[in-house]
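Take a look at the structure set out below.
Heavy atoms only: backbone and side chains are in, while hydrogens, waters and symmetry mates are out. To find a chain, count down the sequence lines: A is the first, B the second, and so on, and within it residues start at 1.
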There are 2 protein chains.
Amino acid sequence: MIAFVFLFDICQFLMQRMAAETLTLRAEDIHTVRSLPLFADISESQFGALMGAAFLQRFPAQTQLIHEGDQADFLHVIVEGMVEMFSTSNGEETTIGFLEPVSTFILAAVLVEKVYLQSARTLEPSRILMIPAQAIRDVFARDPAFAGPVVRELAERYREVVRQLKSQKMQSGLERLAAWLFARGERRGDVIETRIPFEKAKLASFLGMTRESLSRSFASLADHGVTVRGRVIFCNRPDALARLARTEHSTHDH
Amino acid sequence: MIAFVFLFDICQFLMQRMAAETLTLRAEDIHTVRSLPLFADISESQFGALMGAAFLQRFPAQTQLIHEGDQADFLHVIVEGMVEMFSTSNGEETTIGFLEPVSTFILAAVLVEKVYLQSARTLEPSRILMIPAQAIRDVFARDPAFAGPVVRELAERYREVVRQLKSQKMQSGLERLAAWLFARGERRGDVIETRIPFEKAKLASFLGMTRESLSRSFASLADHGVTVRGRVIFCNRPDALARLARTEHSTHDH
DNA sequence: CGCCGCTTTGAGTCCATTCAATTCCGGTGG
DNA sequence: CCACCGGAATTGAATGGACTCAAAGCGGCG
């Protein structure tokens, strides 16, 4: 049984290899990875060890990089493209987050040598740097300068998930949407502009609702100065959006 | 303004002091804290430094130990009693978790020198060891043996919250309840027995539903062999419970 | 025994989802 | 350049699950 699972893993790995394209690390890429807070402090030699063991691959869109439940064998770094973290249970799928360059993901599973709790797939053609988990753990054990950044990374991720859990439990879908638009939008004068860089269905899943509900939520936001033009959202009353995001239950306007 | 806030903090602290009772550390307590995975590996001298800066307090039930939004000044260790982690937003409150001896809480906020994202209160009379955040950070910086356990603790907490988020987004209240009963129950022969060590309303809030819904969920679980007797829950078909917990959507029985 | 707080039950309402149909949009090929 | 196609997004109607409000049990403790 174990043997079969192992064989299956190998097959999967080879198939992925075939679908992907292994690239040599370019100096420029190494530099961007090196500049990540996670790696900024470690010694040159340890960083060299990590990069020596790592490899960079190019994946097409919609490639599943990580399968929830697998042993965490690599720390992934997204160098270019876009990655979705998600989870599947009894056929249902929910989006847990999105990753843009340059960031690492699933550090927790790698460090504690456990299985992944989430899956990951590319949403665009992407370049991913894969560092063997063992190399990460080795450097962690050897280089004390690595501990600080690792802890900061973990702690920040933890706090992010706590925020997500809170908003999931205490806010309505409309409020989560407002908060998302506000947090991620860019101010242009007195309007705020937010671009959704993926399908709206993904955003809906991330916010914990259906596409239809998201669509209706956008419609409701018209009362708050929001205009939707495809994947670009404008709001000419950012304060109204912020107020809603902070979950204003007192105001029952209509 | 700042001065007033500071004054307020001091008042709060003093009031807490008055409500609480400062205790001297007993050798026995020190030993239990020392045996925590988080502290097991650090050097004797560093541990001594931590304990020297720390103090143990006894709090009555329903005492708020941590106010969400405050700067994280202490790492708390629950030595005896029961603590609830919760969060408040626009008047609504949600329970995020429960802590029993012996465990630490809010390590993440302490390490990154940020504000607490959650509040904490005692649910029973409790003894809490409070270690100044700065002492924790100092030891972390000085003793490399501390890094591993810290990372393991953080990583596990992170994974726990991810699990909570997933179950919140993908499972029904009924399924979450089944999962909770199953995970926390004790096998006695072919029945499983679970004791709820706090108000059912707290459990409802933790599971993300109202008391009424929780009550109705218990009623529905009767079909799965569940009997409720006050705060003690029995199930004579643990497999049915487990199946439901794994979120069996396919089976539409009746 | 009687009070008080927690829990349960009931009834009605509301909001999100589901299912279904239509519109919108980008890309392709004639 | 335009017609067409398919996937995505929106809209509508109906369902259902969870919540709110209200009232009635239950249980522990003085």
Side-chain angles (χ1 to χ4, degrees), chain A residues 61-62 84 90-95 123-124 167-178 181 194-223 226-233 244 247-250 252-254, chain B residues 61-62 84 90-95 123-124 167-178 181 194-223 226-233 244 247-250 252-254:
Chain A
Q62 304 301 331
E84 173 194 12
N90 71 92
E92 298 291 315
E93 177 176 319
T94 195
T95 301
L123 292 183
E124 305 172 355
S167 89
Q168 197 64 41
K169 289 180 77 175
M170 298 202 287
Q171 291 185 277
S172 69
L174 188 70
E175 292 163 343
R176 284 194 294 277
L177 174 58
L181 290 175
T194 315
R195 211 179 57 81
I196 309 173
F198 32 72
E199 293 176 9
K200 283 186 186 159
K202 296 287 181 204
L203 176 59
S205 176
F206 175 69
L207 295 176
M209 47 181 154
T210 58
R211 317 188 255 307
E212 295 93 329
S213 293
L214 176 65
S215 188
R216 288 182 238 275
S217 295
F218 272 124
S220 317
L221 283 182
D223 308 343
V226 169
T227 320
V228 179
R229 196 173 306 155
R231 285 184 180 175
V232 185
I233 319 295
L244 187 61
T247 193
E248 181 116 359
H249 270 183
S250 46
H252 277 274
D253 43 5
H254 61 66
Chain B
Q62 305 302 330
E84 174 194 12
N90 69 92
E92 299 289 315
E93 176 176 319
T94 195
T95 301
L123 292 183
E124 305 172 356
S167 89
Q168 197 63 43
K169 289 180 77 174
M170 298 202 287
Q171 292 186 277
S172 69
L174 188 71
E175 292 163 344
R176 284 194 295 276
L177 174 58
L181 289 174
T194 315
R195 209 178 59 80
I196 309 173
F198 32 72
E199 294 177 7
K200 283 185 186 161
K202 296 286 181 204
L203 177 59
S205 175
F206 175 68
L207 295 176
M209 47 181 151
T210 58
R211 327 187 248 309
E212 293 94 328
S213 294
L214 176 65
S215 187
R216 290 183 237 273
S217 294
F218 272 125
S220 317
L221 283 181
D223 307 344
V226 169
T227 319
V228 179
R229 195 174 307 154
R231 285 184 180 174
V232 186
I233 319 294
L244 187 60
T247 193
E248 180 115 358
H249 270 180
S250 46
H252 278 273
D253 44 6
H254 71 64

For atom CD1 of I233(B) and atom C1' of dT8(C), their distance in whole Å: 13 Å
Quick one: side chains of residues 196-203 of chain B, donor-acceptor pairs under 3.5 Å with protein atoms, not counting sequence neighbours, listed by atom name and distance.
| from | atom 1 | to | atom 2 | distance (Å) |
| --- | --- | --- | --- | --- |
| K200(B) | NZ | G230(B) | O | 3.0 |
| K202(B) | NZ | E84(B) | OE1 | 3.1 |

Rounded interatomic separation in angstrom, taking NZ from K169(B) and P from dA16(C): 16 Å
Euclidean distance, atom CG of residue L207(A) to atom P of dC15(C) [Å, nearest integer]: 19 Å
Nearest-0.5 Å distance, CG of residue L244(A) to CG of residue D223(A): 10.0 Å
Interatomic distance, L174(B) CG vs dG16(D) P [rounded to whole Å]: 17 Å
Test item: L181(A) and L221(A) side chains (from C-beta on) under 4.5 Å apart, heavy atoms: yes
Atom-pair distance (CZ on R176(B); P on dG17(D)), nearest Å: 15 Å
Donor-acceptor under 3.5 Å (S167(A) side chain, R176(A) main chain): no
Without placing hydrogens or testing angles, list every side-chain donor-acceptor pair under 3.5 Å for residues 204-213 of chain B, not counting sequence neighbours.
| from | atom 1 | to | atom 2 | distance (Å) |
| --- | --- | --- | --- | --- |
| S205(B) | OG | T95(B) | N | 2.7 |
| S205(B) | OG | T95(B) | OG1 | 3.2 |
| T210(B) | OG1 | S213(B) | N | 3.2 |
| T210(B) | OG1 | S213(B) | OG | 3.0 |

Whole-Å gap separating C1' (dA16(C)) and CD (Q171(A)): 17 Å
Distance test, side-chain N/O of T210(B) to OP1/OP2 of dC19(D), below 4.0 Å: yes
Nucleotide N/O to protein N/O under 3.5 Å, stretch nucleotides 4-11 of chain D:
| from | atom 1 | to | atom 2 | distance (Å) |
| --- | --- | --- | --- | --- |
| dA8(D) | OP1 | E199(A) | OE2 | 2.9 |
| dA9(D) | OP1 | K200(A) | N | 3.0 |
| dT10(D) | OP1 | K200(A) | NZ | 2.8 |
| dT10(D) | OP2 | S215(A) | OG | 3.4 |
| dT10(D) | O5' | S215(A) | OG | 3.0 |

Point-to-point distance, once rounded to the nearest 0.5 Å, from CD of E92(B) to NZ of K169(A): 12.0 Å
